Amino acid sequence: MDTESQLARLGLFDARVPRYTSYPTAPQFSAAIGGDHFARWVKAIPPGSPVSLYLHVPFCRRLCWFCACRTQGTSHDDPVIAYVETLKTELGLLQRILPEGVTLSRLHWGGGTPTMIPAPQMTELARVIQNVVPLGDGAEFSVEIDPNEIDEARLDALAAAGMNRASIGVQDFDPEIQKVIGRDQSYEVTRRAVEMIRARGVTSLNADILYGLPHQTSARLSDSVQKLLSLSPDRVALYGYAHVPWMARRQQMIPSDTLPRPEERLALFETAQKLFNWDGYVDIGIDHFARPEDGLAVAARNGRLKRNFQGYTDDTASALIGLGASSISMFPQGYAQMNAATSGWTKAVREGAFATARGHEFQGEDRLRARIIEALMCDFAVQTDELVRDFGVTRASMNALFAPVAEKFGAFVRHDARGLSIPADGRPLTRMIAAQFDAYAMAKTGHSSAI
């Protein structure tokens, strides 16, 4: 039986499993977590320690049909300017409870389209952030930039504020595919944006590209990847398009019969992977690629790669604070998500309260299972000695946990005294293997995964 047939037998082409940017995953969050939890967890941050800050801007000039993010369209700047004012108020609320001496190791503006913010408001927002929690030594300030929604003035404002990493969404350069997914963005427009970014001394560049899009073939994807490589990004996220029209209604605009079959999706990924590897990029986890000297590649080599809501990261801060509607914070104690509705978030903040609407407080085996899943997603291996040392479990209990997974996945998983690992042939199954340690998902299916 060939590898593809074995992968099919194990359900790779039928499975729907999380990306595991957190554990437990967001669907497990509950309304039991509110603003009091958020405030208490912020106050528990050790004074003088580094944290990460994520600001969510949910507005887009146009809504791309492929996107499942929490966004809303607007053709005017007024709602964006009003939103920034509320963000500044929320930053003021944070300042009241943030322990002394805390600095930023990472600052990320995401969305949506944060580059919809007019230049004067960008400058003012950056100033307020700096007053509340300044950038620490060696900090990274990254911004998601829409090449269709950027100009000299806004880039000047971002560069002056300290942006040192830019992230651009490409998705695909093929005109027919762009038309079907509602994303008109030519290679020339993208190249011009990259040139403007680099002209301001911003040398670190991320890019996102999708596989599994309608009408996508290996030849078309190869052309898009080669065009992207001509822009020399430092790191690339190669995400699989998730077609979930029952969740993201705008995806109903995309005809399902134009999508590649699951087996074709795997071939598309492998095509792009080979092109990145041939150009000198190294694999990072399941879906990222980076230049060998990039921070992600260094972290992967040194065993310091982490996973958060933005994907893979080399950030070592123990807390990620999310501000803005629908943003998610990650603390040692658990997760806290702001109200997803902009109106609800705005109302709470203007009334002087944090808009936390749901989340999860770690309990029981959560931290242990989170570490197992993160290790598999980042390193394709989990070490029994580390779990025994950090979580007080026994080697026998870990062997008992790993053995059924090794039996289920056969040659695609290796289990020995050192722990559990995924060889190269099994890496397309990584998310499925990680899901075997998801106690919440297993409970829903009636399976036991007790330690």
Side-chain angles (χ1 to χ4, degrees), residues 3-4 7-8 11-21 64-69 144 147 167-187 190 205-231 233-245 247-248 250-251 253-279 281-290 296 310-312 377 424-432:
T3 299
E4 185 173 304
L7 294 174
L12 174 65
F13 304 126
D14 306 310
R16 291 190 179 276
V17 290
R19 298 185 189 273
Y20 287 112
T21 53
C64 303
W65 301 335
F66 72 89
C67 182
C69 297
E144 294 175 14
S167 181
I168 58 169
V170 169
Q171 322 318 340
D172 195 290
F173 284 122
D174 186 280
E176 181 183 4
I177 294 174
Q178 288 183 357
K179 182 177 180 181
V180 175
I181 66 174
R183 172 82 172 200
D184 182 17
Q185 180 183 313
S186 69
Y187 170 73
T190 306
L205 181 69
N206 300 1
D208 295 346
I209 192 167
L210 292 176
Y211 69 93
L213 290 172
H215 300 300
Q216 206 172 45
T217 64
S218 289
R220 284 179 161 180
L221 182 57
S222 294
D223 183 64
S224 288
V225 169
Q226 290 175 50
K227 286 178 177 175
L228 176 58
L229 288 171
S230 74
L231 303 176
D234 297 272
R235 61 180 71 158
V236 178
L238 175 64
Y239 292 129
Y241 167 63
H243 191 60
V244 287
M247 291 175 54
R250 70 189 77 164
Q251 289 187 354
M253 301 289 290
I254 298 176
S256 298
D257 59 4
T258 64
L259 298 171
R261 293 181 296 107
E263 295 84 354
E264 293 171 335
R265 283 172 60 94
L266 178 60
L268 288 168
F269 176 86
E270 291 175 342
T271 295
Q273 181 184 42
K274 288 176 182 176
L275 290 171
F276 288 125
N277 292 159
W278 287 340
D279 211 58
Y281 290 76
V282 295
D283 296 63
I284 307 295
I286 63 170
D287 53 17
H288 280 52
F289 301 86
L296 276 189
Q310 281 79 59
Y312 289 104
M377 295 291 291
D425 285 351
R427 289 179 184 176
L429 294 163
T430 298
R431 286 162 57 192
M432 291 182 63

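Source: prediction; values computed, not measured. Basis for what follows: all heavy atoms, side chains included, without hydrogens, waters or symmetry-related copies.
Side-chain N/O atoms of Asp283 and Gln273 include a donor and acceptor closer than 3.5 Å. Counting only N and O atoms by type, the side chains of Ser224 and Asp172 include a donor and acceptor under 3.5 Å apart. For the residue pair Ser230 and Tyr187, a side-chain donor N or O sits within less than 3.5 Å of a side-chain acceptor on the partner.
In terms of modelled atom types and a separation under 3.5 Å, the side chain of Arg235 and the main chain of Ala207 share no donor-acceptor contact. Asp234 places a side-chain N or O within donor-acceptor distance of the main-chain N or O of Leu205, the cut-off being under 3.5 Å. Using a distance-only test at 3.5 Å, with no hydrogens or angles considered, no donor-acceptor pair links the side chain of Tyr241 to the main chain of Gln171. Using modelled atom types, no side-chain atom of Gln226 and backbone atom of Leu221 make a donor-acceptor pair closer than 3.5 Å. Formation of a donor-acceptor pair under 3.5 Å by the Glu144 side chain with backbone atoms of Ser167 is not found in this model. Under a 3.5 Å cut-off, the side chain of Asn277 and the backbone N or O of Tyr281 do form a donor-acceptor pair.
Using bins of under 30°, 30° to 60° and over 60° for the plane-to-plane angle, the ring pair Tyr239/His288 lands in the perpendicular bin.
In this structure, the separation between CZ on Arg19 and OG1 on Thr430 is 13.5 Å, given to the nearest 0.5 Å. To the nearest 0.5 Å, the span separating NZ on Lys227 from OG on Ser222 amounts to 12.0 Å. Interatomic distance, CZ of Arg431 versus CZ of Arg16, reported as 10.5 Å (0.5 Å rounding). Between the OH atom of Tyr211 and the CZ atom of Arg265 there is a distance of 5.5 Å, given to the nearest 0.5 Å. Taken to the nearest 0.5 Å, the CG atom of Asp279 stands 4.5 Å off from the CG atom of Leu229. If you take CD1 on Ile177 and CZ on Arg183, they are separated by 14.0 Å, rounding to the nearest 0.5 Å.
Considering all non-hydrogen atoms of both residues, Leu213 and Pro260 come closest at O-CD, 3.2 Å. Between Phe173 and Gln185, the shortest heavy-atom contact is CD2-O, 4.1 Å. Minimum heavy-atom separation, Leu238 to Ala272: CD2-CB, 3.7 Å. Summarising the geometry of Pro147 relative to Gly169, their closest heavy-atom pair is CD-O, 4.3 Å, with the distance given to 0.1 Å.
Under the 4.5 Å side-chain criterion, counting only non-hydrogen atoms from C-beta, Val236 is not in contact with Asp208. Counting only heavy atoms from C-beta outward, the side chains of Asp223 and Asp174 never approach each other to under 4.5 Å. Pro255 has its side chain within reach of Val180: a pair of non-hydrogen atoms, C-beta onward, lies under 4.5 Å apart.
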- Item | Check against side-chain contact (heavy atoms from CB on, under 4.5 Å), Asn206 and Ile168 | CA-CA 6 Å; Asn206 300 1; Ile168 58 169; over 6 Å; no
- Task: Output, in order, the C-alpha distance, side-chain angles, deciding distance and verdict of side-chain contact (heavy atoms from CB on, under 4.5 Å) for Ile181 and Ile254.
- Result: CA-CA 6 Å; Ile181 66 174; Ile254 298 176; 4.2 Å; yes
- Taking it one step at a time, do Phe289 and Val282 satisfy side-chain contact (heavy atoms from CB on, under 4.5 Å)? CA-CA 5 Å; Phe289 301 86; Val282 295; over 6 Å; no
- Would you please test Leu429 and Leu7 for side-chain contact (heavy atoms from CB on, under 4.5 Å) and show each step? CA-CA 8 Å; Leu429 294 163; Leu7 294 174; 3.5 Å; yes
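Salt bridge Arg261/Glu264: present, at least one basic N to carboxylate O contact under 4.0 Å.
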